[in-house]
Colleague: 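There's a structure below that I have some questions on.
We use all heavy atoms of the structure for the numbers below, so side chains are in, but hydrogens, waters and symmetry mates are not. Predicted model, so just to flag it, every value in this text is computed and none were measured. Order of the sequence lines fixes the chain letters, A, B, ..., with proteins taken first and strands second; residue numbering starts at 1 for each chain.
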2 protein chains.
Amino acid sequence: MDDVDRRIIDHLVRDGRAGYARIAADVGLSAPAVKRRVDRLVADGVVKGFTAVVDPDLMGWAVEAYVEVHCRGTITPEALGSAFARIPEIHAAATVSGQADAILRIVARDVRDLERALERVRTEVDNVDHTDTAIVLSRLIDRYTG
Amino acid sequence: MDDVDRRIIDHLVRDGRAGYARIAADVGLSAPAVKRRVDRLVADGVVKGFTAVVDPDLMGWAVEAYVEVHCRGTITPEALGSAFARIPEIHAAATVSGQADAILRIVARDVRDLERALERVRTEVDNVDHTDTAIVLSRLIDRYTG
DNA sequence: GGTGAAATGAGCACATG
DNA sequence: CATGTGCTCATTTCACC
C-alpha cells in the first residue's frame, strides 16, 4: 500500500469504470502495471468491489431512516450482525459507543416497508429494548470519498 | 424505467465494472442495446456514477461516527447542506424527522480528525445547539443494494 | 515494472421489426 | 423508437524481458 496504490484507488472511487490506460496516465505507470496493482488490491480486500451509484429517489426507494437500536443487557456484535443480515432493508449497521448499542441505515420502498423492517428488528434481534427512528427528510450529502 | 433497466442496474450495482456483453447475456439483450440503456440511465441521472468500494479499515480511515445535529430555531436544509459540504469528513448528511435536525456520517483518519470535523460542524454551521456523537465500534453491514 | 502480441470487448453505422 | 448485426478500433490481458 504505497502512495501510487492510494492514487489508483482515489481514481477508481471517482470513476469506477475508468480504463487502466487512463489511470496509468494519471499515476505515471503503464496500463498492465496498473492492472496488476488493481488485481492485487482486490485480492487483498482493500478494494472490496465496484458498484453503480444509483439515485434512490428515481429508483422508488423513497424512504430512508437512521435507527438507533437500544438493547437490554449485553449482546455480541456477531449476534447483532447475523440478525441484521437477514433484514434486506438494512443497508448499513454498526455497533456504536454511547447510549445506543447499534445504528442502522434502513432504505425502504415506502413507509409500510420501513415499518415492517423495524418490526423485524424488534422481534428477530435478541434483547432489543427499543428503537429510535429518524426518517430522512432530504439527503444533503452522499459522498463516496473524502 | 422498465424491468430490464432495473435488472441492468441491479447487475451494475453488484459489479460496477461488468462488461456490456455479460449484462446483455443476463438480461437477454445485445451488448449495444445494453450500452444504449446504460448511457440513457446515466444521462437521466438514475445512475449517478460508478465507484470502487474500499475497505475503510485497510485504508487507514479508521474512525467513523454517526452524529446527530441539534439546532436552535429553524434552519433551511439548503443552508445546512452548503455548510456541511465544506467539511470533507462528512460522507453523508440528511435532515431527519424527530428530535435531531440532521444526521451525519463522518469518516475520519483518526480521533483527532473526528474532533476537528465536529468542531467545524459546531462553529461553521449556523444555529447549532449541540451535537450527539456515536463512534462506530464495529461495522456489521455495508450493503449497496437491497 | 515495461513491452509487444493476441484475445476480448467497446462503440458506431446501418438495417430491421 | 428500440433492437440486432457486422465492422473497426480501443482495451484488456497475457506472454516474456
Colleague: Hey, could you give me the CZ/CD1 distance between R105(B) and I141(A), rounded to the nearest 0.5 Å?
Modeller: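 One gets 11.5 Å once the value is rounded to the nearest 0.5 Å.
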Colleague: When the ring planes of H130(A) and H70(A) are compared, do they come out parallel, tilted or perpendicular, using 30° and 60° as the limits?
Modeller: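 H130(A) vs H70(A) ring planes: parallel.
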Colleague: Which residues within residues 31-41 of chain A lie with some heavy atom under 4.0 Å of an atom in DNA chain C?
Modeller: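 Going residue by residue through residues 31-41 of chain A, the ones with a heavy atom under 4.0 Å of DNA chain C turn out to be P32(A), A33(A), R36(A), R37(A).
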Colleague: When you look at CD of E115(A), are more than 12 heavy atoms from neighbouring residues, nucleotides or ligands closer to it than 6.0 Å?
Modeller: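 Check fails, neighbour count at 12 or below.
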Colleague: Can you find a side-chain donor-acceptor pair between R14(A) and T51(B) that sits under 3.5 Å?
Modeller: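 The criterion, which ignores hydrogens and geometry beyond distance, is not satisfied for T51(B) and R14(A).
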Colleague: Whole angstrom is fine here: how far is it from CZ in R17(B) over to P in dT8(C)?
Modeller: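 From R17(B) CZ to dT8(C) P: 18 Å.
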Colleague: Provide the start and end nucleotides, 5' to 3', of the part of DNA chain D that has atoms under 4.0 Å from heavy atoms of chain A.
Modeller: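 Counting from the 5' end, contacts occupy dT12(D) to dC14(D).
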Colleague: What is the minimum heavy-atom distance between M59(B) and R6(A), and which atoms define it?
Modeller: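 For M59(B) versus R6(A), the nearest heavy atoms are CE-CG, 4.3 Å.
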Colleague: Report the distance from atom OH of Y20(A) to atom C1' of dA7(C), rounded to the nearest whole Å.
Modeller: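 That distance rounds to 15 Å.
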Colleague: Within the supplied structure, the quantity of interest is the number of heavy atoms (other residues, nucleotides, ligands) at a distance under 6.0 Å from R40(B) CZ; does it exceed 12?
Modeller: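 Correct, the count exceeds 12.
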Colleague: Kindly give the heavy-atom pair with the smallest separation between A94(A) and V136(B), and that separation in Å.
Modeller: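 Of all heavy-atom pairs spanning A94(A) and V136(B), the closest is CB-CG1, 3.7 Å.
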Colleague: Should the heavy atoms of other residues, nucleotides or ligands under 6.0 Å from CZ of R109(B) be counted, would the total exceed 12?
Modeller: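 No, CZ of R109(B) has 12 or fewer neighbouring heavy atoms, counting only those of other groups under 6.0 Å.
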Colleague: If an axis is fit to five pairs at each end of the helix from dG1(C)-dC17(D) to dG17(C)-dC1(D), what is the angle between the two, to the nearest 10°?
Modeller: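 Answer for the end axes of this duplex: 40°.
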Colleague: Give the minimum heavy-atom separation between A93(A) and L104(A), together with the two atoms involved.
Modeller: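 Reported closest heavy-atom pair: CB-CD2, 3.6 Å.
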Colleague: Looking only at non-hydrogen atoms, find the nearest pair between K48(B) and V54(A) and report the distance.
Modeller: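 Heavy atoms only, the tightest pair is CE-O, 4.2 Å.
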